[in-house]
Structure formats: C-alpha cells, structure tokens
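Quick caveat, the model's predicted, so the values are computed rather than measured. In what follows, every heavy atom counts, from backbone to side chain, and hydrogens, waters and symmetry copies are set aside.
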Amino acid sequence: YPNVDELAASKCIDFVQHPGETVYVPNGWWHNVVNLEFSIAVTQNFVGMHNAGACYEAMLNHDCELAMWWRDLAEASGEHELLLQTMRSQGQQVT
C-alpha cells in the first residue's frame, strides 16, 4: 500500500478470502480489494436507519437528483416521516 502512512498501515487487516467465504465491511470503513485471479464479486450496500442521514447527505453532495428520487421513494412507500425523523435525529439538514 504505497500511499498509506505507517500508522494507518499498522491498523490494516490484510487477508485472502477463499471461495465460499463472505466478508463483511462495516459502514464507513475504507477498503481495497485485489483479485489474485479471475473473479466474480457480488456486493451489496446497506442503508438502514443508523446511516440514512449520512447516505442522504452524501447523495445531496454528489447527486442531488438521486437524493430527491430517494426521498420521493421513501414518501411513496410510507417511510418518509420515519426517514426524516431519523435524519433529523442524526443532525442532518433535511431539505
């Protein structure tokens, strides 16, 4: 990892994932994957009430149209008020 300082590198977790194994990367953890041979990866990102505000803020900063679509979807599904309440409790500015 040529661009990682010594302190950060000392905290890295480096391992080889074998066929059939699953790796969970917690929300907010930086990670890097190096395929040692031809591979197929299946990934899933999870947005729950614990990180909804941070996800919405990131969407507003990077893709406002996506953020508005997400809010519209939450409203249409009946989850809008719960989502807004959660985001406000996390200190997010809700537009």
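Closest approach of Y56 and A67 over heavy atoms only: CE1-O, 3.7 Å.
A single hydrophobic cluster is seen to contain both V23 and I13, as judged by linkage of ILVMFWY side chains at heavy-atom distances under 4.5 Å, directly or through other members.
A distance-only check finds a donor-acceptor pair linking the side chain of N61 to the backbone of E57 [under 3.5 Å].
With sequence neighbours excluded, the residues that form a side-chain contact (heavy atoms from CB on, under 4.5 Å) with E21 are Q17, H18.
Considering SG of C64 and CE of M68, their distance stands at 4.5 Å, rounded to 0.5 Å.
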